[in-house]
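Here the structure is laid out as structure tokens; the discussion comes afterwards.
Chain letters run A, B, ... following the sequence lines, proteins first, then strands; residues in each count from 1. Computed from heavy atoms alone, side chains included, the values below leave out hydrogens, waters and symmetry copies.
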Amino acid sequence: MPELPEVETIARGLRHKVLRRRIAAIEVAWQRSIDQRGVSEQLLVGDTISDVRRLGKFVILSLGSGRSVAIHLRMTGRLIVDPPAADPHTRLTLRFEDGGVLVFSDARKFGRWRVIEGDPSRALGIGIDPFDPALSASVFAGLVRKRATPIKTWLLDQRFLSGIGNIYACEALFAARIRPRRRARSLSVSERAQLLASLRKVMRKAIQHRGSSVDDYLDAEGMPGGFQKQLAVYGRGGLPCRRCRTPIRRVVLAQRGTFYCPTCQQ
DNA sequence: ATCAGCACCTGTTGGC
DNA sequence: TGCCAACAGGTGCTGA
């Protein structure tokens, strides 16, 4: 479900709700929702949340002990603080000392919690953030260099850039006017510049709208995003392109639905 | 290095 | 109305 803009929205919303709260207990309703079941819970009890932020598509809870919790929401994961009603898909519950709770709800059970000692960005093995100022044109060029894989597939590979998912890969390629099947290494200097600028522009705008709720995404406040109304191609197969009226085409690439305009994107 | 296929899961939707 | 197949925003593994 959530990609960079959604995870960013969730992390921001969660931050002020859980900061400085102390973990008193953990309840695991679905074992596979947490790595190192048993060991992880023991490590967390008594620790305090000192920061909340996003790393790629992970929500990171930093703890007073120096440890971190990396939460990947995958398709349907949600983080809810002090829910008004019991959630039927609750997989994990953090009980705070003050009596409140952080609930991890996940209908499809794909999401994972992982406790990390030391530097989480290293442990997670993910690439550079698209908004990292260190991601210059030459760094970007180095990452696509020699890559024969389609650019859409490359964008989804978290080891290069982290945080981009299927929606924003499609949207950024449309904005940059590049076909999803183009080989990564075949992009010209100006196409690479266009793509990087489009990734940032599309996702910055999506963050401003608190993400896209295509199906059932909700942020930490339980609110849907608003960016889905502005999607140019994603989910618009057969509908006219907003730029040239050509029907948007849907193909499957890297086992994922991929949308593009055959006229605007070359 | 890359890719297709499948696995992990459940809920929703669209076609018949 | 009811059933069933297809599909879903993600990732990891296997085997070719």
Exercise for review: Look at the side chain of A:Gln255 and the base of B:dG5, then say whether one donor and one acceptor between them are separated by less than 3.5 Å.
Suggested key: yes
Practice item. Would you state whether a donor and an acceptor, one from the side chain of A:Arg108 and one from the base of C:dA8, lie under 3.5 Å apart? Key: yes
Review point. Any chance the side chains of A:Ser62 and A:Arg53 put a donor and an acceptor closer than 3.5 Å?
Key: yes
Check your understanding: Are A:His89 and B:dG11 close enough that a side-chain N or O sits under 4.0 Å from OP1 or OP2?
Key -> yes
Exercise for review: Classify the nucleic acid contact of A:Trp154 as base, sugar-phosphate or nothing, counting any heavy atom under 4.0 Å across all strands shown.
Suggested key: nothing
Review point. How long is the line joining CZ of A:Arg54 and P of C:dG10, in whole Å?
Key: 14 Å
**Study point:** Euclidean distance, atom CG of residue A:Leu253 to atom C1' of B:dG5 [Å, nearest integer]
**Key:** 15 Å
Review point. What is the nucleic acid contact for A:Tyr234, judged by heavy atoms within less than 4.0 Å: base, sugar-phosphate only, or nothing?
Key: sugar-phosphate
Review point. Do any side-chain nitrogens or oxygens of A:Thr76 fall under 4.0 Å of OP1 or OP2 in B:dC9?
Key: no
Practice item. Can you tell me, in whole Å, how much space there is between the P of C:dA6 and that of B:dG5? Key: 15 Å
Practice item. Grab the CG-C1' distance between A:Asp106 and C:dT11 for me, whole Å please. Key: 13 Å
Point to revise | Under 4.0 angstrom between A:Lys57 side-chain N/O and C:dG10 OP1 or OP2 | key: yes
Review point. Do A:Tyr168 and A:Ser212 get their side chains close enough for a donor-acceptor pair, meaning under 3.5 Å?
Key: yes
Revision key, fill the gap. A:Ile151 CD1 to B:dC3 C1', in whole Å, measures 17 Å
Point to revise | C:dT11 pairs with, by Watson-Crick or G-U criteria that keep both distances under 3.5 Å | key: B:dA7
**Study point:** Nearest-Å distance for atom pair CG/C1', residues A:Leu4 and C:dG10
**Key:** 14 Å
Check your understanding: Which is it for A:Trp30 and A:Phe110 under the ring-ring contact (aromatic ring centres under 6.0 Å, His included) test, yes or no, and what are the steps along the way?
Key -> CA-CA 11 Å; A:Trp30 180 254; A:Phe110 286 169; over 10 Å; no
Review point. Can a side chain N or O of A:His72 be found less than 4.0 Å away from OP1 or OP2 on C:dG10?
Key: no
Exercise for review: Give a yes-or-no answer on whether the side chains of A:Thr76 and A:Asp106 include a donor-acceptor pair shorter than 3.5 Å.
Suggested key: yes
Point to revise | Sugar-phosphate only, base, or nothing, as touched by A:Pro150 at under 4.0 Å among non-hydrogen atoms | key: sugar-phosphate
Point to revise | Any donor-acceptor pair under 3.5 Å from A:Arg91 side chain to A:Phe104 backbone | key: no
Point to revise | Nearest listed nucleotide, side chain of A:Arg147, among B:dA1, B:dT10, B:dC9 | key: B:dA1
Check your understanding: Just checking, any donor-acceptor pair under 3.5 angstrom between side chains of A:Asp219 and A:Thr9?
Key -> no
Review point. Where the side chain of A:Arg250 is defined as all heavy atoms beyond and including C-beta, which of B:dA4, B:dC3, C:dA8 is the nearest nucleotide?
Key: C:dA8
**Study point:** A:Arg32 side chain, from C-beta outward: closest of B:dT2, B:dC8, B:dC3
**Key:** B:dC8
Review point. Under the criteria of a ring-centre distance below 5.5 Å and an interplanar angle below 30°, is A:Phe110 stacked with the base of B:dC8?
Key: yes
Review point. Of all the nucleotides listed (B:dC3, B:dT10, C:dG10), which has the minimum atom distance to the side chain of A:Lys109?
Key: B:dT10
Review point. Below 4.0 angstrom from OP1 or OP2 of C:dT11, is there any side-chain N or O of A:Gln158?
Key: yes
Point to revise | Length of the line joining A:Arg256:CZ and C:dC7:P, which is rounded to integer Å | key: 14 Å
Check your understanding: For A:Leu156 and B:dC3, what is the distance between atoms CG and C1' respectively, to the nearest whole Å?
Key -> 14 Å
Study note, to complete from the structure: From the candidates B:dC3, B:dC9, C:dG12, the one with an atom nearest any side-chain atom of A:Arg74 is C:dG12
Revision key, fill the gap. A:Arg181 CZ to B:dC3 P, in whole Å, measures 11 Å
